[in-house]
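What follows is a set of notes on a single structure, which appears directly below.
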Amino acid sequence: MAAHHRAGRPTTTSAAAPHRVPRASRAAVAAVAALGLAACGGGDPGPSPAPTGEVPASTASPSPTSPVPTTSAAPAPAAPTTAAPSATGTPTGPAEVVAEGLPLPWSVVALPDGSSLLSLRDEARVVRLTAAGDVVEVPTTSPDGTFGGALPRGEGGLLGLALSPSFGEDGLVYAYVTREGDNAVVRAVLSDDGLGEPETVLEGIPRAQVHNGGRLAFGPDGLLYVTTGDARQPELAQDPASLAGKVLRVTPDGEPAPGNPTEGSPVWTLGHRNVQGLGWDAQDRLYASEFGQDTWDELNLLEPGRNYGWPEVEGPGGQDAADAGFTDPLVWWRPSEASPSGLAVTDDAVWVSALRGQRLWRVPVATSPEGGPVGQPEPYLVGEHGRLRDVAVAPGGGALRVLTNDGDGEDQLLRLPLG
C-alpha cells in the first residue's frame, strides 16, 4: 500500500490557539485534568509510521472525473443530551485548527460535557480534547497506555469509537480494535480514573494488513452497527456465514439483534469491500461510505438484507446487477478523488471525508420521509489539509469536526463552521 503525504500545511486561524500534543507526551502519560481524571504511567508504543493509502498504488484510477449521483429514491459521566447536535448549510469560513500534533487519529466522538475522545490508530491510545481545548491522555488498565488489546499493523489498530446509548448511566465506551488474530469490538467504563478493564463484546472478525473496516455507531434503534472489511479475501464479502465484508447489527452486548434479516445472524448488509463511515439522517435512513478498488468508491444507502455487490460489482452495475440481486450505490467517485472514510449526516447533507482525494464531500440528501434524488456532490477543503480521515458534527451543532490523517505526527482536528 502506498503512503501519501501533503506538500505543506496552510496557515489557519481560530478564536483560540490550537493545542498541540507534545512529542514528549507520547513517551510518558501526561496528567489528566478533565473531570478530575487521575494520571498513570505508560510506555511509548513508538512513532507513528506514515499511513497506508487505502487504495493500492498499483491500481491507481484514471484522471479524476466528476462524481456521478444517481437518481434513486432512496466526575461520573454526565447524562447525554436527548437530541443530536444540529447542523445545516455549507461552510461559512475556513477550517479552524482546534488541536494539532496528533499522531494518526482515526475517530472522534463527543462526550456529553462538551469534551471529545479521539482514538490514535497506531499508538492504540485514547486521548481527550477537553472543553477548554487541551488534549490529555486517558489512562487505561494497560501498563503501556494502549487500549483493548489493539495490535496495530498496516491499516489496523485502535479504530472506531462509540458511546453507549445509556452513557449517562453506564459510562461505556465502545472501540473497534485489531488484535493478534482478529478484529473485535470491546467496551470499557470511562470514569474519573480513565478507561477500565476492557470487555470483549464481539470477536472473530477477520483481520488483515488492510481492509479491516472499523467504524462503530449506535443507531436510532439503540443497536450497535459495526463495519467490517473483506480482509483481502473478497469472496468473504459474499459469504453470509463470514463476518468479513459486512455491516453488522448487534445488541449492546454483542448478540445478533432481533429483527435482523437472518435470525441469529449479526449480518445487516453484505457485499462490501471496506466500509469506514456510517450515519443516519432525520428519517432514520442509514448511509455508508465504502472504498472501492480500481474504479469506483461508493456512498450507499443501506437497507436490511441488501447485497451491495463486492466483488462481483464495483460501483453501479445497472439493471444487470439488479437482476443478479445487487444494489447500486447512491453516488460513486474515482478513488483518486475520494477513498472515503468517516461520514457525518447534517440536516440536509451527508459529508464524507476523503483520504487519497484530500477533500470533504458534501452530498445533498432529500429531507422528506419518502426520500428522493440526491443532489450534485460538492467538494470542499480540496488539498488544503491533506488526507481527511473522519468527520463529525461538532458539539453544540453549527459546525463540523474533521480529522486529518497524514501520519507525520502533526495531524489536526479542525472545526469547519456551517451556515
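Quantities reported herein were computed from a predicted structural model and do not represent experimental measurements. Values reported hereafter were calculated over all heavy atoms of this structure, with side chains retained and with hydrogens, waters and symmetry mates removed.
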Please walk me through it: do Gln209 and Glu155 pass side chain to side chain contact (heavy atoms under 4.5 Å, CB included)?
CA-CA 6 Å; Gln209 189 78 1; Glu155 294 172 7; over 6 Å; no
Tell me whether [X] contacts the main-chain N or O of [Y] through its side chain, where contact means a donor paired with an acceptor under 3.5 Å.
{"X": "Arg273", "Y": "Gly292", "result": "yes"}
{"X": "Asn405", "Y": "Pro105", "result": "yes"}
{"X": "Arg125", "Y": "Leu158", "result": "no"}
{"X": "Asp134", "Y": "Thr130", "result": "no"}
{"X": "Asp390", "Y": "Val108", "result": "yes"}
{"X": "Asn212", "Y": "Arg207", "result": "no"}
{"X": "Thr269", "Y": "Leu302", "result": "no"}
{"X": "Thr346", "Y": "Ala349", "result": "yes"}
{"X": "Glu314", "Y": "Thr295", "result": "yes"}
{"X": "Asp408", "Y": "Glu410", "result": "yes"}

Take Arg359 and Glu378 through the salt bridge (charged side-chain N to carboxylate O under 4.0 Å, His left out) test and state the conclusion after the steps.
CA-CA 10 Å; Arg359 68 198 69 189; Glu378 307 158 333; over 6 Å; no
For a quick test of reading the model, state the closest non-hydrogen atom pair linking [X] to [Y] and the distance between them.
{"X": "Gly315", "Y": "Trp296", "answer": "CA-CB, 3.8 Å"}
{"X": "Ala87", "Y": "Ala399", "answer": "CB-N, 4.4 Å"}
{"X": "Ala321", "Y": "Val313", "answer": "CB-CG2, 4.1 Å"}
{"X": "Ala208", "Y": "Arg232", "answer": "CB-CG, 4.2 Å"}
{"X": "Ser119", "Y": "Leu159", "answer": "OG-O, 2.7 Å"}
{"X": "Pro377", "Y": "Pro379", "answer": "O-CD, 4.2 Å"}

Could you tell me the separation between the [atom1] atom of [X] and the [atom2] atom of [Y], rounded to the nearest 0.5 Å?
{"X": "Glu298", "Y": "Ser289", "atom1": "CD", "atom2": "OG", "value": "10.5 Å"}
{"X": "Leu104", "Y": "Asp406", "atom1": "CG", "atom2": "CG", "value": "9.0 Å"}
{"X": "Leu416", "Y": "Leu400", "atom1": "CG", "atom2": "CG", "value": "5.5 Å"}
{"X": "Leu216", "Y": "Ser107", "atom1": "CG", "atom2": "OG", "value": "7.5 Å"}
{"X": "Leu151", "Y": "Asp182", "atom1": "CG", "atom2": "CG", "value": "11.0 Å"}
{"X": "Thr404", "Y": "Leu381", "atom1": "OG1", "atom2": "CG", "value": "11.0 Å"}

State whether a side-chain donor-acceptor pair under 3.5 Å links [X] with [Y].
{"X": "Ser142", "Y": "Thr140", "result": "no"}
{"X": "Gln283", "Y": "Asp281", "result": "no"}
{"X": "Ser353", "Y": "Arg389", "result": "no"}
{"X": "Asn183", "Y": "Thr178", "result": "yes"}
{"X": "Gln238", "Y": "Asn307", "result": "yes"}
{"X": "Arg401", "Y": "Ser116", "result": "yes"}
{"X": "Asp297", "Y": "Trp332", "result": "no"}
{"X": "Arg249", "Y": "Asn260", "result": "yes"}
{"X": "Thr228", "Y": "Arg215", "result": "no"}

Flag the pair [X] / [Y] as yes when at least one side-chain heavy-atom distance between them is below 4.5 Å, and no otherwise.
{"X": "Leu360", "Y": "Val391", "value": "yes"}
{"X": "Glu203", "Y": "Arg179", "value": "yes"}
{"X": "Tyr174", "Y": "Leu224", "value": "yes"}
{"X": "Leu243", "Y": "Pro206", "value": "yes"}
{"X": "Trp351", "Y": "Val363", "value": "no"}
{"X": "Glu180", "Y": "Arg153", "value": "yes"}
{"X": "Phe291", "Y": "Leu355", "value": "yes"}
{"X": "Phe167", "Y": "Val173", "value": "yes"}

Only one of Leu202, Thr227, Ile205 passes side chain to side chain contact (heavy atoms under 4.5 Å, CB included) with Tyr176; say which it is.
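Of the listed residues Leu202, Thr227, Ile205, the side chain to side chain contact (heavy atoms under 4.5 Å, CB included) partner of Tyr176 is Ile205.
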Once the angle between the rings of Trp333 and Trp361 is folded into 0 to 90°, is it parallel (under 30°), tilted (30 to 60°) or perpendicular (over 60°)?
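Taking Trp361 first and then Trp333, their aromatic rings sit tilted (interplane angle of 30° to 60°).
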Step by step, would you call Glu303 with Arg306 a salt bridge (charged side-chain N to carboxylate O under 4.0 Å, His left out)?
CA-CA 6 Å; Glu303 297 184 38; Arg306 293 281 182 98; 3.4 Å; yes
Test side chain to side chain contact (heavy atoms under 4.5 Å, CB included) on Asp411 and Glu100; report intermediate values, then the result.
CA-CA 6 Å; Asp411 282 311; Glu100 58 187 357; over 6 Å; no
Is the distance between the ring centroids of Trp280 and Tyr225 under 6.0 Å?
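Yes, the ring centres sit under 6.0 Å apart.
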Passing candidate, side chain to side chain donor-acceptor pair (under 3.5 Å) with His272, options Lys246, His211, Glu290:
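For His272, the side chain to side chain donor-acceptor pair (under 3.5 Å) check succeeds only for Glu290.
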Start with the C-alpha distance between Val186 and Glu199, add both sets of side-chain angles, then the distance that settles side chain to side chain contact (heavy atoms under 4.5 Å, CB included), and finish with yes or no.
CA-CA 5 Å; Val186 301; Glu199 172 192 7; over 6 Å; no
Apply side chain to side chain contact (heavy atoms under 4.5 Å, CB included) to the pair Arg362 and Asp348, showing each step before the final yes or no.
CA-CA 10 Å; Arg362 180 182 184 271; Asp348 57 355; 3.1 Å; yes
Could you go step by step and tell me if Arg334 and Asp294 meet the salt bridge (charged side-chain N to carboxylate O under 4.0 Å, His left out) rule?
CA-CA 8 Å; Arg334 295 293 185 187; Asp294 297 349; over 6 Å; no
